[in-house]
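Note sheet for the following structure.
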Amino acid sequence: MAGKKLLLANDHIEGIRSLRVYRQHGGYQSLEKALKQMTPEQIVEEVKASGLRGRGGAGFPTGMKWSFLAKPEGVARYLVCNADESEPGTFKDRYLMERIPHILIEGMIASSFALGARTSYIYIRGEYFYVARILEQAIAEAYEAGLLGKNILNSGFDHDCYVQVGAGAYICGEETALLESLEGKRGNPRIKPPFPAVAGLYGCPTVVNNVETIAAVVPIIRDGGAAYASIGIGKSTGTKLISASGHLNKPGVYEIELGVPVEEFIYSDEYCGGIRNGKKLKAVVAGGSSVPILPAELILKTANGEPRLMSYESLADGGFASGTMLGSGGFIAMDEDTSIVKNLWNFSRFYHHESCGQCSPCREGTGWMEKILHKILDGNGTLADVDLLWDIQSKIEGKTICPLGDAAAWPVASAIRHFRKEFEEYVKNGKNIRDVKHYYRLNNLVEI
Amino acid sequence: MSDQKVYRFSDETMATAERIMRRYPEGKQKSALIPLLHLAQAEFEGWLSPGAMDYVASLLNIKPIEVYEVASFYSMFNLKEVGKCVIEVCRTSSCWLMGAEDVVRHIEKKLHIKAGETTKDGMFTLKTVECLGSCGTAPMLQCGGDFYENLTLEKVDALLDKMKEQDRRRVYTKDDMVEL
Ligand SMILES: Cc1cc2nc3c(=O)[nH]c(=O)nc-3n(C[C@H](O)[C@H](O)[C@H](O)COP(=O)(O)O)c2cc1C
Ligand code: SF4
Ligand code: FES
């Protein structure tokens, strides 16, 4: 049975990128409803009732975040959309913005009305330049139709929305680094508190939300928070965009109702269609590179033997001992031939490269982890190196300004926890494994 | 000033720069720094020389050091001369799982350069970069603003040959996709 679609219901319609076709299919009705029939407070209440949780990775309840926004008299407030999308394995925001840019613009205007923001910015990673241009076209269409600018739809509400491009830095996805970057500075995360809700962009109260979160506000206003909350499972309400990649027959972006069994997501033809080349599944990174990796047995079933579901709670079941996190929904599948050690080295190199360098545990620790993994991969590692890796990751977690440190530590901890044998194999026999099981040959899939 | 060249945006680029600067509240024009650096890189041979950065500083009325420290933080800004086509191959997880290492090795062999280097004729620079949000269509590379996805070695060959034949500089702010 096909699940309910709220964001991508119309993504197959020709021309849906244009304002005209988007409106023909019900576009901007939520904005009209918001401006003409609702107060800002009512919108915030509906978002609270929907149970919507931030889709950028942390899963923080959106309605609650909105209600924390400080509202001092005479001070500007801002809504900033996080379209930095740099978490390895995540490409859903790009898909949504490219296909249906107006759902984001409509969500930006309606959310800004709810928050009392006169100006909003969409901060998009620089590599998505062509997507930025698509958004700018959509914004221009919206201005022309009186959906942006002064006195929108005769409501008396004025709003301007701008696209801002970044320039290649994963850390700018972290909300305070993003704000620094938007102010024209290096993307160094700020120490919190103060939180952006109190002192964000230009020191003013600011809400930062992910693209998908803001788009979800459109169906919430249209159908009501209760209707949204009736979709999904438990506290994982609504739908989620999953970016599926790796060794899958049908990688791509899927909108799922939260609560779909992981097994169904991987193997059914409606979703990923199973593992390529008839291989067996070895491991999955379920929520973007930062979340713990799980071996096939534990991603398909929890430690208690229950089917694992695509939801915040079920994926986290078992804590870090046997569970993981939904994160940004970047679902990376690895088949039986994948080297977990080499994959981990790849992740560690990524975090070392992307560390902003402000905190020593993160700056130095990520570098050490990369180096030690390289040594192990080269067949020069010892068992003590594996323990040292464990020790280093444990000394990064929770000891840094921003969560990038944790994000670098968790993949290491989980890989050692679940695949220690493979590390030991490299230590004993590394010189022979080296360059054999590391990766696929591209065209013929034969190992060297 | 570290070089002799005179840096000046064309009228068209200047109009874009001014439009961008108006997006921010009074006194917050420094916010335009990254967008302006992109414009400068596109206009001045694909890289940011000290002279180009000083020019951007003068437009925003900020100190040159404020520009250097930002330009050096972000991986999309080239602080050295680059070839006309900067080939950026994603090397991160999903692309790696799907053969990105082969793509890099193949290009290195074909162009007789290592990642990070530029060919003698100034045509190509090869860079390896982190996840570009194309993980479902891996392996992939980007050149200028364009994405080339689901790569095979044959596709890479055809792409590099076409680019060489067309002999044009490719920058982020313009798209002129090579059809494959
Ligand atoms: C290192 C790091 C990278 C992040 N990257 C992104 C990102 O690319 N996109 C995103 O929406 N959130 C990202 N986040 C989460 C943001 O800090 C923030 O929680 C999010 O934008 C809030 O929006 P939401 O509540 O709608 O999810 C990142 C966080 C960290 C620590
Ligand atoms: S944890 Fe890492 S990325 Fe985050 S502020 Fe510290 S050094 Fe920078
Ligand atoms: S891992 Fe290469 S594009 Fe995401």
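Just so it is clear: chains get the letters A, B, ... in the order the sequence lines come, proteins before strands, and each one is counted from 1. Just the heavy atoms: all of them, side chains too, but no hydrogens, waters or symmetry mates, feed the values below.
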- prompt: Salt bridge or not for A:Glu136 and B:Arg23, using N-O below 4.0 Å?
  reply: yes
message: Working to the nearest 0.5 angstrom, can you tell me the gap between B:Leu97 CG and A:Asp337 CG?
response: 11.5 Å
- request: Tell me, for A:Tyr95 versus chain B, whether the close heavy atoms (under 4.5 Å) come from the side chain, the backbone, both or neither.
  value: neither
query: What distance do A:Tyr170 atom OH and B:Cys131 atom SG have between them, rounded to the nearest 0.5 Å?
result: 10.0 Å
- prompt: In terms of heavy-atom contacts, does NZ of A:Lys250 have more than 12 from other residues, nucleotides or ligands at under 6.0 Å?
  reply: yes
field: Under 4.5 Å from any heavy atom of chain B - which part of A:Phe347
entry: side chain
message: For the residue pair B:Tyr24 / A:Gln164, report whether a side-chain donor-acceptor contact shorter than 3.5 Å exists.
response: yes
query: Has A:Arg118 got more than 12 heavy atoms of other residues, nucleotides or ligands less than 6.0 Å from its CZ?
result: yes
Region of A:Thr90 in contact with chain B, defined by heavy-atom distances below 4.5 Å: backbone
message: For B:Ser31 and A:Tyr121, which I'm curious about, is there any donor-acceptor pair between the side chains at under 3.5 Å?
response: no
query: So what's closer than 4.5 Å to chain A heavy atoms on B:Gln142: side chain, backbone, both or neither?
result: side chain
query: Which answer fits A:Glu354, side chain, backbone, both or neither, if we ask what part of it has an atom under 4.5 Å from a heavy atom of chain B?
result: side chain
- prompt: By a 4.5 Å heavy-atom criterion (distance strictly below it), what part of A:Val131 contacts chain B: side chain, backbone, both, or neither?
  reply: neither
task: Test B:Tyr172 against A:Val165 for side chain to side chain contact (heavy atoms under 4.5 Å, CB included), laying out the working first.
output: CA-CA 11 Å; B:Tyr172 276 102; A:Val165 288; over 6 Å; no
query: How far does CZ of B:Arg22 sit from OH of A:Tyr162, to the nearest 0.5 angstrom?
result: 9.5 Å
field: When A:Gly89, A:Gly166, A:Ser245, A:Ala167 are compared by non-hydrogen pairs under 4.5 Å with chain B, the top option
entry: A:Ala167
message: Between A:Arg186 and B:Glu66, does any side-chain N to carboxylate O distance fall below 4.0 Å?
response: no
query: Partners of A:Pro292 by side chain to side chain contact (heavy atoms under 4.5 Å, CB included), sequence neighbours excluded?
result: A:Phe320, A:Thr324, A:Met325, A:Trp410, A:Ser414
query: Out of curiosity, B:Ser93 OG to A:Arg349 CZ, how far, rounded to the nearest 0.5 Å?
result: 9.0 Å
task: Test side chain to side chain contact (heavy atoms under 4.5 Å, CB included) on B:Tyr74 and A:Cys172 and set out the steps.
output: CA-CA 10 Å; B:Tyr74 296 92; A:Cys172 290; 3.6 Å; yes
task: For the pair B:Phe147 and A:Tyr128, name the ring-plane relationship: parallel under 30°, tilted 30 to 60°, perpendicular over 60°.
output: tilted
query: Taking B:His38 for the side chain and A:Gly126 for the main chain, is one N or O donor matched with an acceptor at less than 3.5 Å?
result: no
message: Within the 4.5 Å heavy-atom criterion, are A:Arg125 and B:Met76 side-chain neighbours or not?
response: no
query: With the threshold set at 4.0 Å, does a side-chain nitrogen-carboxylate oxygen contact exist between B:Glu149 and A:Arg94?
result: yes
task: Assess whether atom NZ of A:Lys185 is packed by more than 12 heavy atoms of other residues, nucleotides or ligands within 6.0 Å.
output: yes
query: With a 4.5 angstrom heavy-atom cut-off, which part of A:Tyr78 approaches chain B: side chain, backbone, both or neither?
result: side chain
statement: Given B:Gly145, B:Gly136, B:Ser75, B:Cys135, the one with more heavy-atom pairs under 4.5 angstrom with chain A than any other is B:Cys135
query: Measuring heavy-atom distances to chain B, does A:Asn346 have an atom under 4.5 Å in its side chain, in its backbone, in both, or in neither?
result: side chain
- prompt: Non-hydrogen atoms of chain B under 4.5 Å away: do they reach the side chain of A:Ile171, the backbone, both or neither?
  reply: side chain
message: Please rank B:Val70, B:Leu132, B:Leu33 by heavy-atom pairs under 4.5 Å with chain A and give me the top one.
response: B:Leu132
- prompt: Looking only at atom types and distance, does a side-chain atom of B:Thr92 sit under 3.5 Å from a main-chain N or O of A:Pro88, one as donor and one as acceptor?
  reply: no
message: One pair to check against side chain to side chain contact (heavy atoms under 4.5 Å, CB included): A:Tyr130 and B:Asp146. What are the steps and the verdict?
response: CA-CA 8 Å; A:Tyr130 80 98; B:Asp146 301 315; 5.9 Å; no
A:Ala333, part contacting chain B, at a heavy-atom distance under 4.5 Å: backbone
field: B:Ile34/A:Ser181 under side chain to side chain contact (heavy atoms under 4.5 Å, CB included): CA gap, chis, key distance, verdict
entry: CA-CA 8 Å; B:Ile34 290 171; A:Ser181 180; 3.4 Å; yes
task: Find the distance between OG (B:Ser134) and CD (A:Glu127) and round it off to the nearest 0.5 Å.
output: 10.5 Å
query: Roughly how far, to the nearest 0.5 Å, is the OG1 atom of B:Thr173 from the CZ atom of A:Phe129?
result: 5.5 Å
message: For a quick test of reading the model, state the closest non-hydrogen atom pair linking B:Gly133 to A:Phe91 and the distance between them.
response: O-CB, 3.1 Å
